[in-house]
Amino acid sequence: IQMMIEAKFISFHWGQLLETLIYMIEKAASLSSIYYASHPFYVSFMLFVSVISLFHYHENLKRYISVQCILCLGMFAVEYIPAKLQFSFHAVGQGDAATIITPQRHAIVIDGGGIAHSVFDPGKTILAPFLHSNGVNIIDLMIMTHSDYDHLHGLVSLAQAFDVHELWLGPVDDENKAEVEILKHHLKKKHGKIFELSSVPLYKEIDNLQFYSLDLANVQDESLSLNNRSLVTAMRYHQNMFLFTGDIMKEREEKLIHY
């Protein structure tokens, strides 16, 4: 009799679990976008242990509750493990692409790479999978230093795949103006902010990082080449300063040293 009761109990809970899984799958399939969790996904593991422990400790409610309390504490502990500021410079075939991920998983992307007359899309192939694998679903700041294809192209697919809160645009040439418009369209569709080239300095603070534009007079000087007009962004982190310079030439680099 006891075995029959246990069999009915297990059968009942497996049935409930199966119904719950089917419901979750149907809901997930109806979503318009996918949420990517970082790897390893600790919450999934702990939910799995929680379900297994239900069957193991179903006759001992106190022990089961104790296991759940330990799992909850474990999830909170994992959430608050100190993380590091992460800089990555990506091999995108041609041009530049850099990502910065803060310990709070806020993301900054500077240029997206690209190869002219090629189907290769570094945004879709390299940058998006990298960001997703680090638990990033929102790009807080995207910067296009200038509109050359090998800096612009990967940003377009990223803007389509992610919510981008803010975009800083460097100088745009006629050749790639149409693709810049597509990039802007993706942001406007998701209500992202767009800051185009002007004499007004740009500034944004994300966690303990401070970003600001430099040397805007040369960025607006149309007598210079598009490369040498690149939007230069400084990033300050505590006592450290970093410059993201696009494709500027030596003479402009030397001026920036004394800026």
Side-chain angles (χ1 to χ4, degrees), residues 33 36 38 83-90 92 95-114 122-124 126-148 150-172 179-216 219 229-238 240-248 256:
S33 61
Y36 290 83
S38 60
K84 295 180 180 180
L85 183 66
Q86 181 178 346
F87 285 84
S88 300
F89 296 90
H90 302 271
V92 287
D96 296 331
T99 57
I100 303 163
I101 302 175
T102 74
Q104 291 76 27
R105 288 184 187 166
H106 292 144
I108 301 92
V109 177
I110 302 171
D111 287 337
K124 185 176 181 179
I126 296 172
L127 301 178
F130 173 80
L131 293 171
H132 285 149
S133 70
N134 281 279
V136 171
N137 296 281
I138 294 171
I139 296 173
D140 294 86
L141 176 61
M142 176 182 284
I143 299 172
M144 182 199 78
T145 60
H146 61 297
S147 66
D148 272 350
D150 58 350
H151 291 254
L152 160 66
H153 183 59
L155 298 179
V156 177
S157 55
L158 281 184
Q160 185 176 16
F162 291 79
D163 286 340
V164 180
H165 285 176
E166 193 167 313
L167 170 65
W168 293 3
L169 288 174
V172 178
E179 188 153 12
V180 173
E181 289 302 316
I182 295 172
L183 173 62
K184 290 163 60 178
H185 170 75
H186 289 318
L187 264 90
K188 290 175 182 176
K189 190 176 178 181
K190 300 175 185 179
H191 309 290
K193 296 179 182 178
I194 301 172
F195 293 90
E196 300 193 53
L197 193 60
S198 74
S199 58
V200 179
L202 299 171
Y203 176 84
K204 188 173 182 66
E205 187 167 346
I206 302 172
D207 297 334
N208 292 319
L209 303 177
Q210 297 173 320
F211 293 88
Y212 44 94
S213 57
L214 295 178
D215 193 25
L216 292 176
V219 176
R229 293 175 60 207
S230 294
L231 177 64
V232 175
T233 303
M235 187 195 81
R236 184 182 294 278
Y237 180 62
H238 298 310
N240 303 300
M241 176 80 78
F242 302 86
L243 287 179
F244 299 92
T245 58
D247 281 342
I248 65 172
L256 281 169

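- A side-chain N or O of His106 and one of Asp207 form a donor-acceptor pair less than 3.5 Å apart.
- Interatomic distance, CD1 of Ile194 versus CG of Leu187, reported as 5.0 Å (0.5 Å rounding).
- A donor-acceptor pair is defined here as one N or O able to donate and one able to accept, closer than 3.5 Å; no such pair exists between the side chain of Asn240 and the backbone of Arg236.
- Atom NE2 of His191 has 12 or fewer heavy atoms from other residues, nucleotides or ligands within 6.0 Å.
- Between the Lys184 side chain and the Glu179 main chain, no donor and acceptor come within less than 3.5 Å of each other.
- Side-chain atoms of Lys190 come within 3.5 Å of backbone N or O of Ala159 as a donor-acceptor pair.
- Taking each heavy atom of Met235 and Ile100 in turn, the nearest pair found is SD-CD1, 3.6 Å.
- No donor-acceptor contact under 3.5 angstrom links the side chains of Tyr212 and Gln210, judged on distance only.
- A donor-acceptor pair is defined here as one N or O able to donate and one able to accept, closer than 3.5 Å; no such pair exists between the side chain of Thr233 and the backbone of Phe244.
- Interatomic distance, CZ of Arg229 versus OG of Ser147, reported as 9.0 Å (0.5 Å rounding).
- With a 4.5 Å cut-off on side-chain heavy atoms, Leu197 and Val219 count as touching.
- In this structure, CD1 on Ile108 lies 12.0 Å from NE2 on His165, to the nearest 0.5 angstrom.
- Of the possible polar contacts, one joining the Asp140 side chain to the Ala107 backbone as a donor-acceptor pair under 3.5 Å is found.
- In this structure, OH on Tyr203 lies 12.0 Å from OG on Ser213, to the nearest 0.5 angstrom.
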Run the side-chain contact (heavy atoms from CB on, under 4.5 Å) test on Ile110 and Phe89 for me, step by step, so that the C-alpha distance in whole Å, both residues' side-chain angles and the decisive distance to 0.1 Å come before the verdict.
CA-CA 10 Å; Ile110 302 171; Phe89 296 90; over 6 Å; no
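- Scanning for side-chain hydrogen bond (donor to acceptor under 3.5 Å, both in side chains) contacts around Thr99 gives His90, with sequence neighbours left out.
- Taking all atoms of both residues into account, the shortest heavy-atom contact from Gly154 to Pro122 is CA-CG, 4.2 Å.
- Distance NE2/His146 to CG/Asp247: 4.0 Å, rounded to 0.5 Å.
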Just do the side-chain contact (heavy atoms from CB on, under 4.5 Å) check on Thr102 and Leu209 with the steps written out, would you?
CA-CA 9 Å; Thr102 74; Leu209 303 177; 3.8 Å; yes
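- Using bins of under 30°, 30° to 60° and over 60° for the plane-to-plane angle, the ring pair Phe162/His132 lands in the parallel bin.
- Thr145 and Asp111 form a side-chain donor-acceptor contact under 3.5 Å, judged by distance and modelled atom types alone.
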